[in-house]
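Shown next, in structure tokens, is the structure this report addresses.
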Amino acid sequence: MDMPAPNVEVLSYRARIVERLRGALPADAVIDDPTETRAYECDGLVAYRCPPLAAVLPRSTEEVAAVLRICHEEGVPVVPRGAGTSLAGGALPTADSVILGVARMTEVLETDYDNRFIHVQTGRTNLSVTGAVEEDGFFYAPDPSSQLACAIAGNIAMNSGGAHCLKYGVTTNNLLGVTMVLMDGTITQIGGAHLDAGGLDLLGLICGSEGQLGVVTEAWLRILPKPEGARPVLMAFDSSEVAGQCVSDIIKAGVLPVAIEFMDRPCIRACEAHAHAGYPDCEALLIVEVEGSADEIDEQLGLIKQIAAKHEPVELRESGSEEESARIWLGRKSAFGAMGQINDYMCLDGTIPVSELPHVLRRIGEMSKTYGLDVANVFHAGDGNMHPLILFDANTPGELEKCEAFGAEILKLCVEVGGCLTGEHGVGVEKRDLMSAQFSDADIEAQLRVKDVFDPAWLLNPAKVFPLAATETRRAAP
Amino acid sequence: MIRPESEAELAETVAASDGPLRIVGGGTRPVGRPVTGAALSTAGLAGIALYEPGALTIVAEAGTPLSEVRTTLEAEGQRLPFEPMDHRGLMNTDGTPTIGGVAAANVSGPRRIQTGACRDSLIGVRFVDGRGEIISNGGRVMKNVTGYDLVKLMAGSYGTLGVLTRLSFKVLPVPESQATLTVEGLSDTEAVRAMAAGLSSPFEVNGAAHLPGDAPRTLLRIEGFASSVAYRAGELVRLLERFGPVTVERDPQACAETWQGIRDVAPFHNRAGDVWRVSVKPSDGPAIAARAGGAALFDWGGGLVWLLVPAGTDLRARLGAFEGHATLIRADAATRAAADVFQPEPAPLSRIAAGLRGQFDPRGILNPGLMG
């Protein structure tokens, strides 16, 4: 993976840039000491690192605007950063860039239950948005696995999903409005507490644009009343194919679970060894969760069990208590941590049509043999969002490259069967060069033209999302 | 009327066009400033391209009649979640609504408050831009963050950025049962409070409307498995009793008719005047209606206000500044030509919108001027 060479001209007047930033922000908001900027050298994609020229941590929209105005005038690239949990390298700096972190902007600005929204600064973490309203019986629906740490800013940049989006949708479906600062320092508001756009749907365009169109400093988020209850059932099957068919039948039957999670044998074993959740030893495991009153839950689970019975599960375990529910979820929620204990791993995020599940799992198994690297599968089966985890040893020379080649082949397979490269993590730098597997030149050009409108100088997070070759002339323009 | 029979032919037509084009789907929603230009019909691009009930997805060509999409889904017990409005009664138009028209106007009905707008169910588009290039974005999977979301941008762009050729939607199962709860006699403000009580409960209200007038009615809808609907109806009755006596309608036909009437703004059919559609936060709805004068209908818990005012009324002057947006949906061509049909935007956003139009349609030939 390449990053563009830093602009030597920008590096040559680094001192002036830092001085101007210090002039605009409180002293503690500008970081340029090399020992401290190292904290910003990477995000969740730890294989790639580069300390930025400086990092700034503004406390208000006005301070963000001041930073962007200066960087715009000086021609300095800006890499926006939420909590730095991106698995795709969305917040990876270059040596000539300023990291603009919103981590200090965490306030709740307004909570309105009558109109069911919360207005927050975007440095606030996903879970603490729910935390601000849950005592009053509400929650914020998108729930990425990193929700304890990840910031709303990053959720908006990547259009994050989570386990429960089968019912509640992803970030874009729960975002009502934003305050955004353009690269030239202009502050603007899109949407608000009301629904839908008056003119063009710019809010929909901003969400998922990976910090390339503007820096979102405030957000109006839809909050929902908490369901009366929720309960999962765990179902074990002796083949992934059968489990996949069961998912499809559940969906077709008109039950709409809030979550359908899938784990295969390598993943189950790793989770079991790590978390001791008491999972059965089987080829494939489904966790299906439904919501409602106690009776409603019983009815839905009854129907799901009936459907599952036709597929002869080797085990079927319905939660009877909060404690049992927690145990069922324990293994799934610790999946990534469990894999991390065994090995280095790369987490992919392709989405496929649910009907292609058995075929894709079989092909991944075959490729795993060819590459000599193990794969564990854990994913949101209801919506086809896969998370193959490829295990490798970062200390063995060449193994990272081999793992990346394997990952690329899996993602191309996802596209080939009618899916896409990334369902919720974003493209970042990780999948940048695979974009042409999914898009034609014209498709990519149409997206580049959108960035031309918002950021004509191509200074905001410029080396992300698109193949470097496709953006080279734009990034090099004076 | 130019009527390409394929996407490739459509692309050639647009590329070769030396003047403005007026894009026509079913022609049932004449919204926006009147467009002068050669009529370009999408009727030749029709048919369901793919339907996978087990994956909750359907892909259709833009000119496919909405009724065909509905029938196809109904055969598998599924539906478009966003309950698109049929504009014919309100607009006094005939013709056949198309799925492309629904997407181009981002048409959503009462269920928008729960399952989202048309733009939320739309997961993939193909379109021909003003250069005559065929562009694809999104796809046929419901979780997809690969590249910029041009799908949302195209939804509600009224054919001004490109001519839609193919659309993919996420669909949902049709629930087995439904109920409509009615409280009578509430003022607009009380009605919004009652609807908020329902919408803030865990009982999954997916329709919340208020019909003012001599005998005001406030309506809440729930759907699901029969026993669940019965349970939730009971809980909601208890919750709403403080606003007045609550009646519960369980007959599917009666429920369907009630909500179709709200969806299609039936109370305004065959009544003279201009019709505006205003989106605000629900608690602002009653004040907006009061400022407008005329007749009102509230959907989306009060957040969607349909207004019927005398022809030629300068509604924007009456409303003054407010948080939200107002769109002139029905008026004669002269009024539409003179009015800001869509909500005027702050300068940075209108610059961006103009910039996007310049990129997608540099010659300004696709429905020029329709959105202002």
Side-chain angles (χ1 to χ4, degrees), chain A residues 113-116 158-159 161 169-170 173 186 188 192-202 204-205 208-209 225-228 248 251-252 254 256 292-293 295-296 299 351 353-355 383-385 418-424 426-427 435 438-439 442-443 446-447 449-450 452-454 465, chain B residues 52-56 77 106 112 116-117 119-120 129 133-137 139-150 152-153 155-157 172-173 176 196 199-202 225 227-228 231 279-283 300 303 323-325 327 342-343 345-346 348-349 352-353 355-356 359 371:
Chain A
Y113 296 122
D114 284 342
N115 294 301
R116 298 163 298 283
M158 295 311 201
N159 189 14
V170 296
N173 312 116
T186 306
T188 187
H194 55 277
L195 290 173
D196 298 337
L200 295 179
D201 189 354
L202 301 180
L205 184 60
S209 63
K226 271 198 287 194
E228 287 181 89
S248 182
I251 289 172
K252 262 196 288 196
L256 194 67
S293 66
D295 288 348
E296 289 175 295
E299 184 177 12
T351 306
V354 179
S355 52
D383 46 36
N385 187 192
C420 65
L421 298 172
T422 170
E424 56 185 3
V427 178
M435 287 288 275
Q438 185 174 329
F439 294 110
D443 298 342
Q447 297 178 40
R449 286 181 185 138
V450 168
D452 289 342
V453 172
F454 284 82
V465 186
Chain B
E52 280 197 67
L56 300 174
N106 187 29
R112 195 268 171 262
R119 54 90 96 174
D120 294 292
D129 73 5
E133 279 173 21
I134 297 169
I135 291 163
S136 171
N137 194 266
R140 64 177 174 103
V141 288
M142 57 180 92
K143 265 170 92 179
N144 183 349
V145 297
T146 322
Y148 297 162
D149 193 348
L150 304 185
K152 303 273 184 310
L153 182 64
S157 66
L172 285 178
E176 111 186 341
L199 289 165
S200 300
S201 77
F225 289 112
S227 58
S228 162
Y231 161 74
S279 177
V280 289
K281 69 180 177 194
S283 60
W300 299 357
E323 289 283 320
H325 55 89
T327 309
F342 293 87
Q343 184 71 32
E345 292 174 317
L349 298 190
I352 289 168
L356 291 170
Q359 292 285 8
M371 293 185 80

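In the text below, chain A, chain B and the rest are named by the order of the sequence lines, each starting its count at 1. We use all heavy atoms of the structure for the numbers below, so side chains are in, but hydrogens, waters and symmetry mates are not. If you're wondering where the values come from, they're calculated on a predicted model, not measured in any experiment.
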Nearest atoms (heavy-atom pairs only) where B:T146 meets A:L421: OG1-N, 3.6 Å
Minimum heavy-atom distance between B:V141 and A:G418, given as atom pair plus value: CG1-O, 4.1 Å
Listed partners of B:F342 passing ring-ring contact (aromatic ring centres under 6.0 Å, His included), at least two apart: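 Applying ring-ring contact (aromatic ring centres under 6.0 Å, His included) to B:F342 gives B:Y158.
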Region of [X] that comes under 4.5 Å of a non-hydrogen atom in chain A:
X	answer
B:E323	both
B:S279	both
B:Y148	both
B:L199	both

Among [options], residue most engaged with chain B (heavy-atom pairs, under 4.5 Å):
options	value
A:K252, A:E296, A:K226	A:E296
A:D452, A:D201, A:V427	A:D201
A:S355, A:G384, A:G426	A:S355
A:T422, A:I251, A:L205, A:T351	A:T422
A:D383, A:L202, A:V354	A:D383
A:G199, A:P227, A:G419	A:G199

Taking every non-hydrogen pair under 4.5 Å, which of [options] racks up the most with chain A?
options	answer
B:K152, B:M142, B:H325	B:H325
B:G77, B:S200, B:S201, B:P173	B:S200
B:D129, B:L349, B:L56	B:L349
B:A155, B:G147, B:G116, B:A55	B:G147
B:E345, B:E52, B:R119	B:R119
B:E133, B:Q359, B:M371, B:Q343	B:Q359

Pairing of A:D114 and B:K281 as salt bridge, 4.0 angstrom limit: no
Measure distances from [X] to the heavy atoms of chain B and classify the residue's part below 4.5 Å as side chain, backbone, both or neither.
X	result
A:L195	both
A:F454	side chain
A:V450	both
A:N159	both

Check: B:S283 main-chain N/O paired with A:N115 side-chain donor or acceptor under 3.5 Å: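 At least one qualifying donor-acceptor pair exists.
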B:D120 and B:R112, any side-chain heavy atoms less than 4.5 Å apart: yes
Heavy-atom side-chain proximity of A:V170 to B:V145 below 4.5 angstrom: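 Sidechains of B:V145 and A:V170: no contact.
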Exercise: do B:S228 and A:E299 side chains pair donor with acceptor under 3.5 Å: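 Looking only at side-chain atoms, A:E299 and B:S228 do not form any donor-acceptor pair under 3.5 Å.
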Separation of [Y] [atom2] from [X] [atom1] (nearest 0.5 Å):
X	Y	atom1	atom2	answer
B:N137	B:N144	CG	CG	8.0 Å
B:L150	A:R449	CG	CZ	11.5 Å
A:Q438	A:D443	CD	CG	9.0 Å

Residues that A:R116 engages under salt bridge (charged side-chain N to carboxylate O under 4.0 Å, His left out), provided they are two or more places apart: none
